[in-house]
Amino acid sequence: MGILGLAKLIADISPGAIREQELKHYFGRKVAIDASMCLYQFLIAVRSEGAQLTSVDGETTSHLMGTFYRTIRLVEQGIKPVYVFDGKPPDLKGGELAKRAERRDEAQKLLQAAEEAGNAEDVEKFNRRLVKVTKTHAEEAKQLLQLMGIPFIDAPCEAEAQCAALVKAGKVYATATEDMDALTFGCNVLLRRLTFSEARKMPIQEFHFDKVLEGLELNHNEFIDLCIMLGCDYTNSIKGVGPKRAIELIKTHRSLEKIIENLDTKKFPVPEDWNYKQARLLFQEPEITDPETIDLKWTEPDEEGLIKYLCGDKQFNEERVRNGAKKLHKARNTSTQGRLDTFFKVLSSPNPLKRKVEDSKTTNKKNKKGTTGKPRGRPPK
Amino acid sequence: MFEARLVQSAILKKVLDAIKDLLTEATFECSDSGIQVQAMDNAHVSLVSLNLRSDGFDKYRCDRNLSMGMSIACMSKILRCAGSEDTVTLRAVDNPENITFIFESPNKEKLAEYEMKLINMDQEHLGIPETSYSCVVKMPSQEFSRICRDLSQFGESITFACSKEGIKFSASGDYGQATVKLAQTADADNEEEAVVVNMQEPVKLTFSCRYLNCFIKAGPLCAQVQLSMSNDVPLVCEYKIGDIGHIRYYLAPKIDDDEEN
């Protein structure tokens with residue numbers, strides 16, 4: 001899932017790139033949501049007494065419940081969500097997907113064992129590990145979104161890549177996902193915890209890609225190489241190279257090619273036939289729909305349609321659904337608060353930034369001489 | 001070395017009261033010409049621009065330009081410790097880590113010193129262009145405060161409509177509607193109580209009550225408030241601070257989205 005340990009690495013080395021904000025500060029923002037990620041969240045989290053919510057015939061409805069209520073919560077705050085669904089996985093992801101299937105099989109076995117042993121806690125734990133977002137889940141969610149008047153996009157390939165493209169094209173403000181690889185795809189603003197439950201009271205985490213690069217003192221291509229070393233979904237990583245060593249290596253050598261040349265392969269065996277070049281290409285030029293051809297439209301919710309869809313077979317409470325539809329309607333028809341930065345230009349803050357640039361220059365020079373980058377902070381006074 | 005002394009600490013107390021609801025922290029830029037603060041609230045909807053000129057202070061010295069990040073809540077707490085008759089002095093060294101507030105009682109018998117840690121801040125600075133506004137309204141600040149408080153009971157936002165005749169404030173919500181009209185004062189004998197409308201073009205703008213209700217906290221600073229408005233641009237709400245400077249609030253209007261319809 002995503003990039004191993006990237007969030008922690010950024011928090012350690014470049015804390016300035018992460019900002020925490022309350023949900024209510026995102027009014028008026030258009031946000032691309034990684035649908036597969038959040039459906040998965042809902043399937044895991046929206047439960048009652050440990051079991052997924054189901055309709056009469058035992059079909060899961062957790063994902064619909066989650067999509068319906070959490071989307072309403074966003075819309076009520078004045079946020080305009082657009083959901084982006086995964087297309088076919090890229091060929092390189094085959095290995096990762098096989099691994100996930102394997103883990104699932106293992107969980108299945110463990111689940112059986114736990115059931116036989118009658119260990120309720122373990123049963124629940126392994127049950128959750130078995131959760132998978134299926135085509136049907138996605139299709140049902142799309143149908144629901146359509147009735148709610150919320151736009152969605154079918155990405156040709158990876159949803160994160162499409163989200164990143166939307167952000168880059170200025171179609172939306174940010175990508176909302178827990179997967180850090182949206183950054184690797186070059187998404188400038190990444191939001192985490194946006195679709196979390198309100199009850200958890202977790203502020204939204206905002207990652208700014210330009211600040212991440214500035215903080216790590218890398219360019220985009222070097223950042224991609226760093227992510228491949230940390231461990232991504234598309235290829236293996238070098239054994240024994242953790243986040244700390246990875247950032248040291250990339251700062252000294254500036255590319256994977258050079259790193260492999262200079263690395264003591266006895267100590268750190270590079271995987272055989274390492275296809276990092278293809279993985280890199282996948283991050284640089286992912287398969288996406290041209291964002292300029294995408295037209296995002298938020299429309300009136302179809303109240304009767306929602307009732308028919310949710311309260312029929314899916315057995316949702318009619319009153320609640322009607323309430324939800326009213327909220328959607330009301331949010332659509334209230335004017336949104338403007339922001340000052342759309343009227344006035346942001347001038348970069350004078351002194352601290354200048355100092356930062358000088359600082360990074362000097363550390364770069366040091367790096368060329370072979371020493372490693374030290375953690376950044378303010379220059380001593 | 002930076003030192004600024006005000007005989008009336010009450011002014012500084014009121015200034016803090018006027019910004020503490022909007023800002024949690026702010027950078028105070030001190031130079032030869034005075035003290036300036038420009039800061040947005042967390043949501044970037046409103047902006048506070050505070051200007052205290054050096055000649056307004058009873059004593060002012062600033063050898064090097066300083067920008068000092070301060071916690072507004074903390075500063076407000078400290079100023080609450082000052083008596084209203086006290087003289088207040090702000091003092092900091094060059095490259096400061098701390099700022100000292102010194103309160104002196106009128107009879108010089110009591111001297112209190114409070115030291116506050118400065119904070120490191122990366123703040124975005126906005127460039128605000130000089131614009132001429134379609135409507136400039138001057139009115140008693142008490143009246144403005146009253147209208148904002150009254151109307152905010154009816155809805156989340158207040159619509160300001162300004163024409164030749166005067167200015168109309170309205171709000172609507174689940175309970176009903178409320179409107180307050182103010183006509184231009186015919187003969188302005190008492191300047192402090194006059195309503196003066198200076199209009200090039202009529203305007204109509206909607207603003208959030210939450211922010212307006214923060215702005216009116218500056219009411220005690222000045223008997224008159226000046227509202228500058230043009231369609232589709234932020235409101236400017238200005239209070240003079242005695243002879244020493246001013247505080248300006250900028251507020252982004254609410255926008256009807258019709259692009260998606």
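Side chains are part of it too, since the values below use all heavy atoms of this structure and drop only hydrogens, waters and symmetry mates. Throughout, a chain's letter reflects where its sequence line sits, starting with A, and its residues are numbered from 1.
The line from CZ of A/Phe343 to NE2 of B/His44 is 14.5 Å long, rounded to the nearest 0.5 Å. With rounding to the nearest 0.5 angstrom, the CD1 atom of B/Ile255 is 7.5 Å from the CD atom of A/Gln337.
Proximity to chain B (any heavy atom under 4.5 Å) is restricted, for A/Gln21, to the side chain, taken from C-beta onward. For A/Tyr26, no part lies under 4.5 angstrom from a heavy atom of chain B.
Remark: B/Asn231 CG is packed, more than 12 non-hydrogen atoms of other residues, nucleotides or ligands lying under 6.0 Å away. Counting heavy-atom neighbours within 6.0 Å of B/Lys20 NZ, excluding the residue itself, gives a total above 12. Sparse packing is recorded around CD of A/Glu319, with 12 or fewer heavy atoms of other residues, nucleotides or ligands lying under 6.0 Å away. Other residues, nucleotides and ligands contribute at most 12 non-hydrogen atoms within 6.0 Å of the NZ atom of B/Lys204.
With respect to chain A, the highest number of heavy-atom pairs below 4.5 Å among B/Ser208, B/Pro129, B/Pro234, B/Ser157 belongs to B/Pro234. The candidate from B/Thr206, B/Ile128, B/Thr27, B/Val233 with the greatest count of non-hydrogen atom pairs under 4.5 Å with chain A is B/Ile128.
The side chain to side chain donor-acceptor pair (under 3.5 Å) search around A/Thr195 returns A/Gln41, not counting sequence neighbours. In terms of the side chain to side chain contact (heavy atoms under 4.5 Å, CB included) criterion, residue partners of B/Ser46 (sequence neighbours excluded) are, by chain and number, B/Leu22, B/Asp41, B/Tyr211, B/Phe215, B/Leu251.
Residues A/Phe344 and B/Tyr250 have side chains in contact (heavy-atom distance under 4.5 Å, counting atoms from C-beta outward).
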